[in-house]
Undergrad: 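Here it is: the structure, laid out below.
Since this is a predicted model, take the numbers as computed values, not measurements. Just so you know, these numbers use all the heavy atoms, side chains as well, and skip hydrogens, waters and symmetry mates.
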Amino acid sequence: QAAAGGGRTALRACGVHNVCRLLTRRAHGFYARDAGVAHRKNLGLLRKIMCQESTKFKNVWTTHSASPIAYERGRIYMDNYQCCITSIAQQPRLIYQKSKCAKSEKIEDALLLECPLGEMLPSPSDYKASLIVLTVQNWLLRLSADSGEVLEKVYLAGSCCKFFRYLSWDTPQEVMIVKSAQNKLPAAARQAGIQQTVLFYLAVFQVLPLSFIGMLEINKKIFGNSVTDVAVSNGILIVMYSMGLVRLYNFKAILEQFMEQPCDLGQEFNWNGQMGVVGKYPFGLPCNIKITDTPPLLFEASSLENAFQIGGYPWHYIITPNKKKHKGVFHICSLKDNALAKNGIQDMKCCSLEPDWIYFHPDMSGRIIHVGPNLIKVLKLKEVKNHTDQMEIAEDFTIVANRENCVNNSVTVTASGRVVKKRFVFPKTFKIVDYEDELDLLSTVAVTQIGADGRAHLDFHCNEHGILLKSIPLKESWDVTYSHEVYFDKDLVLHIEQKPNRRFSCYVYQMVCDTAKDDD
């Protein structure tokens, strides 16, 4: 009764007379006593402070490593996840350092697992962040993000598969997919005429608590001989073919239709006459989902290099026509009827060696980001005037990489004795475009090549209008031939660089509100 009375009071106070509208307003943080309001206000203040002219980003830490460096939510992982360093402190500090692992325990892939809100979980450790890792010997481990302690372990490879290599989300933080490497027969077996029909295995898990849903195989007999790869995302099984064809199937329907016998971790199980405990060594996981017939096809499209994306509202997809001469040309079509949107062919006609790329904006606005070497176009879908059933692509805003003028200090003396100073124009090239959802900022990394060195700066733009709000120069040089990752996480900027011969560097920048005393 008290809750009902409070709800009625809130309805009267805000003039809302519809429960659905009230719940929507609460979800958006309209009421001062909601925890979300304080968080939104704090992030708004952080954005304003960060974009002030006096606010600087200072390089507070640099490290180098002979093994890959990974970043996840304020934690830097090194030495194959044996070393964890927090980047949240004023200066990065060690969280834990485990002893060096054997080659047989090498970690192949990892996902960060965070506690869902508002759910009762069986173990206190489930409420803290953890790391799901996949080892080279087919063990799936859940590690504490604070100590590296092993909380759970599952053995994956039973009699069916020996090489699990990849982790991904079907539904983020809810359903996880463990994918095998592609099965390939040894050359001697192929010469002997032995046929290999199973291409991939997919193991499906519900997380927190960790539970086994099932394992299935991707078989040539069902999906065809030219399958090159598979993926699962948002309940869709995506099958890719060598000729550029992409086919979509309902993954949930496949699990329900072809499940032979459900089982869970720790359960004694009889599989093909062999008894064992599910998830324990050496039994592993049974392949308890057998696809015996081709599932109903949801959608198919042909695209160069299997490049295919779905997004927008109403639903649209982006492809490149399946011919090499069309590389860099993107078609935006309706998912409903395959109709090409008005102005739906996007072609920057790049003369540069740098390719352009396109994707749906991750802010769920339905917009599209098209990135070229020196131009970023943010596009939107809108109804064609007087034709409500047809959509057109319109430009929302653009971001241009301004060229830099630089006077060379060296001089040239002509035959007549005239002194000439040369002025060079150095073009900027966009290398990375990302979106910071908590601060609602579009971040770009642009590089200016000056001689042998490249100089990069990270720019923050208003996500709604594209206005430049802040520019942060990166101190280290940027070699465009190396692989780079840049993370922007609230008040932190982190740059990971991979050089030849497996040399890795990590540069951490922290936000400082400084006076003129410190120019860094």
Undergrad: Tell me whether Asp170 contacts the main-chain N or O of Gly235 through its side chain, where contact means a donor paired with an acceptor under 3.5 Å.
TA: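 Judged by distance alone, yes, a pair lies under 3.5 Å.
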Undergrad: Identify, with sequence neighbours excluded, every residue that meets ring-ring contact (aromatic ring centres under 6.0 Å, His included) alongside Phe212.
TA: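 Checked Phe212 against ring-ring contact (aromatic ring centres under 6.0 Å, His included); matches are Phe205.
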Undergrad: Would you confirm whether Ser471, through its side chain, and Asp459, through its main-chain N or O, come within 3.5 Å as a donor-acceptor pair?
TA: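 No, because the side chain of Ser471 does not come within donor-acceptor range (under 3.5 Å) of the backbone of Asp459.
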Undergrad: Thr444 and side chain to side chain contact (heavy atoms under 4.5 Å, CB included): which partner among Asp434, Val486, Ile376?
TA: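 Result for side chain to side chain contact (heavy atoms under 4.5 Å, CB included) with Thr444: Ile376.
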Undergrad: Could you check whether Tyr249 and Phe223 have their ring centres less than 6.0 Å apart?
TA: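 Distance test on ring centres: under 6.0 Å, yes.
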Undergrad: After noting the C-alpha distance and the side-chain angles of Phe200 and Asp229, does the key distance pass the side chain to side chain contact (heavy atoms under 4.5 Å, CB included) rule?
TA: CA-CA 8 Å; Phe200 298 93; Asp229 203 0; 4.0 Å; yes
Undergrad: Taking the side chain from Ser180 and the backbone from Tyr201, do they hold a donor-acceptor pair closer than 3.5 Å?
TA: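 Side chain of Ser180 to backbone of Tyr201, a donor-acceptor pair under 3.5 Å: yes, one is there.
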Undergrad: For the residue pair Tyr155 and Phe283, is the inter-centroid distance of their aromatic rings smaller than 6.0 Å?
TA: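 Between Phe283 and Tyr155, which both carry aromatic rings, the centre distance is not below 6.0 Å.
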Undergrad: Could you pull out all residues at least two apart from Tyr507 that satisfy ring-ring contact (aromatic ring centres under 6.0 Å, His included)?
TA: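 With sequence neighbours excluded, Tyr507 shows a ring-ring contact (aromatic ring centres under 6.0 Å, His included) to His495, given in chain and number order.
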Undergrad: Just do the salt bridge (charged side-chain N to carboxylate O under 4.0 Å, His left out) check on Asp126 and Arg142 with the steps written out, would you?
TA: CA-CA 10 Å; Asp126 293 344; Arg142 186 165 76 91; 2.7 Å; yes
Undergrad: Just by modelled atom types, is the Met259 backbone N or O under 3.5 Å from a matching donor or acceptor in the Asn288 side chain?
TA: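 Such a contact is absent between Asn288 side chain and Met259 backbone.
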Undergrad: For Ser144 and Asp146, test the side chains for any donor-to-acceptor distance below 3.5 angstrom and give the result as yes or no.
TA: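 No, no side-chain donor-acceptor contact under 3.5 Å.
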Undergrad: Parallel, tilted or perpendicular: which one describes the rings of Trp478 and His484, with boundaries at 30° and 60°?
TA: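 Ring orientation, 0 to 90° scale: parallel.
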Undergrad: Does Arg47 use its side chain to pair, donor to acceptor, with the backbone of Leu439 at less than 3.5 Å?
TA: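 Yes, because the side chain of Arg47 sits within donor-acceptor range (under 3.5 Å) of the backbone of Leu439.
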Undergrad: Taking Asn59 for its side chain and Val508 for its backbone only, find out whether a donor-acceptor pair lies under 3.5 Å.
TA: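 At least one qualifying donor-acceptor pair exists.
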Undergrad: For the pair Trp271 and Phe269, name the ring-plane relationship: parallel under 30°, tilted 30 to 60°, perpendicular over 60°.
TA: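 The arrangement is parallel - the two ring planes meet at less than 30°.
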Undergrad: Can a salt bridge be assigned to the pair Glu497 and Arg503 using a cut-off of 4.0 Å between side-chain N and carboxylate O?
TA: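 Salt bridge: no.
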Undergrad: Given 3.5 Å as the limit, does a donor-acceptor pair link the side chain of Lys431 with the main chain of Val447, or not?
TA: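 No; zero donor-acceptor contacts below 3.5 Å.
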Undergrad: Say whether, by atom type as modelled, one donor and one acceptor occur between the side chain of Tyr127 and the main chain of Leu121 under 3.5 angstrom.
TA: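 Checking the backbone N and O of Leu121 against the side chain of Tyr127, a donor-acceptor pair under 3.5 Å is found.
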